[in-house]
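Inspection log for the structure reproduced underneath, given as structure tokens.
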Amino acid sequence: MTTHAPQAAQAVTLPTTLDEAVAALTAVPAAVPVAGGTDLMAAVNSGQLRPAALVGLGKISEIRGWQYLDGHALLGAGLTHARMGRPDFAALIPALAAAARAAGPPHIRNAGTLGGNIASAAPTGDALPVLAALEATLIIAGPGGARRELPVSHLLAGMDMLRAGELIGYVRVPLLHAPQVFLKATGRTGPGRAVASVALVLDPARRGVRCAVGAIAPMPLRPLEAEQWVGRLIDWDNNRALVPEALNAFGEYVAAACIPDAAPAEDGSVPQLPPAVLHLRRTVAALARRALGRALS
């Protein structure tokens, strides 16, 4: 329900296939696609959006499940957080399942979708750092049955955007068959909303660590130098052993990379970061340290 009186949509289309949805968006460029509607209704209720037309995606069964494809999982954009949080999905992609279970109260998890989380690109979207750490790619459906692939990180960074009539159809995620962890710290900004989050995955085949930090910037941040540094220190042949000092240093390395010190002043002095920023840096360090510790345990 809304306390506002939004203008009624001029048209509501309910396609049953992805290509039908693309055709509907192409025919009415002002139309807004809607799946779970959690972000859309928030924008409508706040008066930020008055959609002239809607294209509902809820009846497109092909994007509501997943399948295996060449060592990857092909996830439909219509997968809900509730569905991704179930044990069978958690066995497939543990970090994404953990993020889905942390996405908010039940009514949000039951309605909100993976594709919606990506398309809205809210900094606090729990799935986003996981997808960045997994180096997932999007399969975009376009007019005339066209399909193209786009790294999730490119869309979130604004390096490539959805074009007119395009929709996110699927998310391709590599299956690493190795430990994955998602952790987040919440505050008073909303129920379950992250002030900082960390996704961390191990890649034993490449003897590497992938880490992404969410909620502290407009898009997830990858501390690449910290990943490479700790990857060289892990004893991959001996139960992935790592000395405790390196574990603590990794947390600090990640935090400093994502929340750097202030730029030096003209006199050469380095201004002190505000207390709130220092607290956020400590939070990120703790999350990164715990995430790596759990992945290696």
Side-chain angles (χ1 to χ4, degrees), residues 66 72-73 75 79-106 108-109 112-118 120-137 152-153 156 171-187 189-204 208-217 219-224 226-227 230-231 240 247 250-251 254-255 257-258 280 282-297:
W66 71 84
H72 291 71
L75 312 179
L79 275 170
T80 65
H81 301 305
R83 185 65 190 89
M84 290 187 293
R86 294 181 186 176
D88 59 340
F89 191 93
L92 188 72
I93 312 173
L96 192 53
R101 290 193 293 265
I108 294 295
R109 298 197 303 273
T113 63
L114 177 61
N117 211 211
I118 299 167
S120 63
T124 55
D126 291 322
L128 304 186
V130 178
L131 296 175
L134 289 169
E135 298 180 349
T137 59
V152 170
S153 58
L156 299 178
V171 182
R172 188 194 299 272
V173 178
L175 298 177
L176 300 178
H177 303 294
Q180 305 174 6
V181 178
F182 171 79
L183 298 173
K184 75 175 184 178
T186 58
T189 55
R193 186 167 298 175
V195 295
S197 61
V198 169
L200 187 140
V201 300
L202 300 184
D203 189 350
V209 174
R210 301 183 201 166
C211 177
V213 179
I216 66 171
M219 62 182 184
L221 304 177
R222 286 281 302 276
L224 297 177
E227 294 177 2
V230 79
R240 304 178 186 134
L247 196 64
F250 173 72
V254 169
C258 296
L280 184 60
R282 288 192 293 269
T283 300
V284 171
L287 290 174
R289 181 181 69 248
R290 292 171 189 167
L292 181 58
R294 292 186 185 182
L296 294 174
S297 61

Completion exercise
Here the pair of heavy atoms bringing Arg222 nearest to Ala132 is NH1-O, 3.3 Å

Exercise for the section: I would like to know whether Leu134 and Leu176 meet side-chain contact (heavy atoms from CB on, under 4.5 Å); could you show each step before the answer? Expected result: CA-CA 9 Å; Leu134 289 169; Leu176 300 178; 4.1 Å; yes

Problem - With sequence neighbours excluded, residues passing side chain to side chain contact (heavy atoms under 4.5 Å, CB included) with Leu221 - result: Ile216, Ala217, Cys258

Handout entry: Closest approach of Leu128 to Asn117 (non-hydrogen atoms, all atoms of both residues)
Key = CD2-O, 3.7 Å

Practice task
Measure from the side-chain N and O atoms of Arg193 to the backbone N and O of Thr186, and report whether any donor-acceptor pair falls under 3.5 Å.
Solution key: no

Exercise for the section: Using a 4.5 Å cut-off on heavy atoms from C-beta on, say whether the side chain of Trp66 contacts that of Leu114. Expected result: no

Handout entry: Pairs touching residues 80-91 that satisfy side chain to side chain donor-acceptor pair (under 3.5 Å), sequence neighbours left out
Key = Arg83-Asp88

Practice task
Taking all non-hydrogen atoms of both residues into account, name the closest pair between Pro223 and Cys211 and its distance.
Solution key: CD-O, 3.4 Å

Fill in the blank from the handout: Tightest non-hydrogen contact, residues Arg240 and Pro204, listed as NH2-CG, 3.8 Å

Handout entry: Exam field: side chain Arg172 to backbone Thr137, donor-acceptor pair closer than 3.5 Å
Key = no

Practice task
Give a yes or no answer on whether the side chain of Lys184 reaches the backbone of Asp126 with a donor-acceptor pair at less than 3.5 Å.
Solution key: no

Exercise for the section: Using modelled atom types only, decide if a donor and an acceptor are shared between the side chain of Gln180 and the backbone of Val201 within a distance under 3.5 Å. Expected result: no

Problem - Which atom of Ala194 lies closest to which atom of Thr124, heavy atoms considered - result: O-CG2, 3.4 Å

Practice task
Measure across Ala295 and Leu200 and return the closest heavy-atom pair with its distance rounded to 0.1 Å.
Solution key: CB-CD2, 3.7 Å

Problem - Atom pair CG/CG of Leu292 and Leu183 - distance to nearest 0.5 Å - result: 11.0 Å

Donor-acceptor pairs under 3.5 angstrom involving side-chain atoms of residues 92-100: please list them, not counting sequence neighbours.
none

